[in-house]
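Step one of this worksheet: look at the structure below.
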2 protein chains.
Amino acid sequence: MSMTPQNCAEKAARRVPRGEKRREEIAAVAERVFLRGGFTETTMQIIAEEAGASKETLYRHFGNKGELFSEVIRGRSARITGGKEGELSVEGSPREILRDLGLNLLRFLVSPDSLSLYRAIVAEVPREPELGRIFYTQGPARLLNQFARYLACATRSGKLCCPVPELAAKLFIGSIVANYQILGLVAPHEDAFSEEKMQVHVNEAVDMFLARYGGGAAARG
Amino acid sequence: MSMTPQNCAEKAARRVPRGEKRREEIAAVAERVFLRGGFTETTMQIIAEEAGASKETLYRHFGNKGELFSEVIRGRSARITGGKEGELSVEGSPREILRDLGLNLLRFLVSPDSLSLYRAIVAEVPREPELGRIFYTQGPARLLNQFARYLACATRSGKLCCPVPELAAKLFIGSIVANYQILGLVAPHEDAFSEEKMQVHVNEAVDMFLARYGGGAAARG
DNA sequence: GAGTAAACGAACTGATTAGTACGGTTATAT
DNA sequence: ATATAACCGTACTAATCAGTTCGTTTACTC
């Protein structure tokens, strides 16, 4: 078991970059660690070790623990809906679009990462209210706006009939996410999140939505 | 500034009970303090001081901090829906009943105590999953069951038409609570919870629900 | 290839807090 | 009344962790 540079798998003697690049590396590691353990559970020491960094470097780049956490949340919140489609396509029947939106949203919400993030933010808001506002505007609010715009558009073109698109959007999204989010947060028990159950749930939510807001023919689409 | 027993307003020289009675006093104080500050923010010292107790007494009665917290949550979860009406009345039109249920639920959910409790549980579940299960079964699950039973009953009597009452219940409750709960947890900003907005929201949710599940005539009730 | 600023690592400070110990006090049961 | 067990208050231990310091090493710049 010699230790020539080639077979030394333990310490790769990695070339450590400087400046902004190092900063981003550390932020990426911090995101992973914070998501895994939340704010209070995570220590600066752990982040440093996992990033192969020293605490001094952490503090030079981010000032303090709260700032690092804020930056992570900010970045992640922005990526969440940013990564998704920027605007809902108007192609396809409302039923299809609603179904896709609902199912994608549900799958996304019950993912461990989403639940962890939400959990971490909920816990930190009393200490750092700004964090919650950033998350809400970057995440849920953005989605609601996109969806409401789609509803307004579909209403103008006669496919749907939503007098108050913002409200209709909240009702639809709520009917889909609430129960799963509560379950995921307080009683995470795998088999509640089966793909089949989610599809049944979303289908029924779409039916309910269209029964009220489907403009005439579209309701039976 | 003499200190005769009569004018000593600071320390009332209160008669401190022993045994079970003292235990309950302390639990009541702990509930208040935990609700105010969550688990990690709250120290045993603070609870002891606020209860006029010594830490030794806390530990004798509850063993450790986690046990005390668990007991508080257990008690509160049980009281939440237990205090509410045991069974939904079948008197009145579905529209009235849905409206009342929705509005009461919403008012209850956005109350500071409810949000604090939920926040505390969400934060603690990773450390103590049992806590979340207790809360869910005692709180949300119980409400969903009650409501689903009502829907089934109303369906049998022809007032409504819910093929799968459990699912319909989840959709209705979800359409009402989701958005307000998210807002309350991550971006608490007072004016979002005005009585008027909540009424408009609930009315629209009821309309949507009845459009789908209102059996014929009831839909226009 | 030399100088410099960034990074490492290890040790340290200071503050907090769960949990324990103990001597003095008081409610309560007999 | 008196015994005793519960209680109070204070002080302690041990552990954790944010944030700092410093001597050494190393990646980048010119």
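First the proteins, then the strands, lettered A, B, ... as listed; each starts at 1. Values in this document were obtained by computation on a predicted structure and should not be read as measured data.
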What nitrogen or oxygen pairs link the protein and nucleotides 19-22 of chain C at under 3.5 Å?
from: C/dG19; atom 1: OP2; to: B/Y59; atom 2: OH; distance (Å): 3.3
from: C/dG19; atom 1: OP2; to: B/K65; atom 2: N; distance (Å): 3.0
from: C/dG19; atom 1: N7; to: B/K55; atom 2: NZ; distance (Å): 2.6
from: C/dG19; atom 1: O6; to: B/K55; atom 2: NZ; distance (Å): 2.8
from: C/dC22; atom 1: N4; to: B/E56; atom 2: OE1; distance (Å): 2.9
from: C/dC22; atom 1: N4; to: B/E56; atom 2: OE2; distance (Å): 3.2

Pairs: protein N or O with nucleotides 27-30 of chain C N or O, under 3.5 Å:
from: C/dT28; atom 1: OP2; to: B/R15; atom 2: NE; distance (Å): 3.3
from: C/dT28; atom 1: OP2; to: B/R15; atom 2: NH2; distance (Å): 2.1

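Within the nucleic acid shown, B/T40 has no heavy atom closer than 4.0 Å to any nucleic acid atom.
Atom-to-atom distance recorded for A/S70:OG and A/E128:CD is 5.0 Å, nearest 0.5 angstrom. If you take CG on A/D207 and CG on B/L167, they are separated by 9.5 Å, rounding to the nearest 0.5 Å.
Comparing D/dC7, C/dA7, D/dA18 against the side chain of A/H61 picks out C/dA7 as the nearest.
With sequence neighbours excluded, no residue forms a side-chain hydrogen bond (donor to acceptor under 3.5 Å, both in side chains) with A/N64. Under the side-chain hydrogen bond (donor to acceptor under 3.5 Å, both in side chains) criterion, B/E204 pairs with A/R212, A/Y213, not counting sequence neighbours.
When rounded to the nearest whole Å, the span between CD of B/E20 and C1' of D/dA5 equals 16 Å.
Regarding contacts with the backbone of C/dA7, every side-chain N or O of A/R22 stays at 4.0 angstrom or more from both OP1 and OP2. The phosphate of D/dC17 has neither OP1 nor OP2 within less than 4.0 Å of any side-chain N or O from A/T43.
Taking the side chain as every heavy atom from C-beta outward, A/L109 and A/Y180 never approach each other to under 4.5 Å.
For residues 54-73 of chain A, the pairs satisfying salt bridge (charged side-chain N to carboxylate O under 4.0 Å, His left out) are A/R23-A/E71, with sequence neighbours left out.
A side-chain N or O of B/R142 and one of B/Q138 form a donor-acceptor pair less than 3.5 Å apart.
Between A/R74 and A/E130, none of the side-chain N atoms (NZ, or NE/NH1/NH2) sits under 4.0 Å from a carboxylate O, so this pair counts as no salt bridge. With salt bridges taken as basic N to acidic carboxylate O contacts below 4.0 Å, none links A/E41 and A/R36. The pair A/E24-A/K21 fails the salt-bridge criterion, with no side-chain N (NZ, NE, NH1 or NH2) lying under 4.0 Å from an Asp/Glu carboxylate O.
Computed from C1' positions of five pairs at each end, the angle between the two local axes of the helix from C/dG1-D/dC30 to C/dT30-D/dA1 equals 30°, rounded to 10 degrees.
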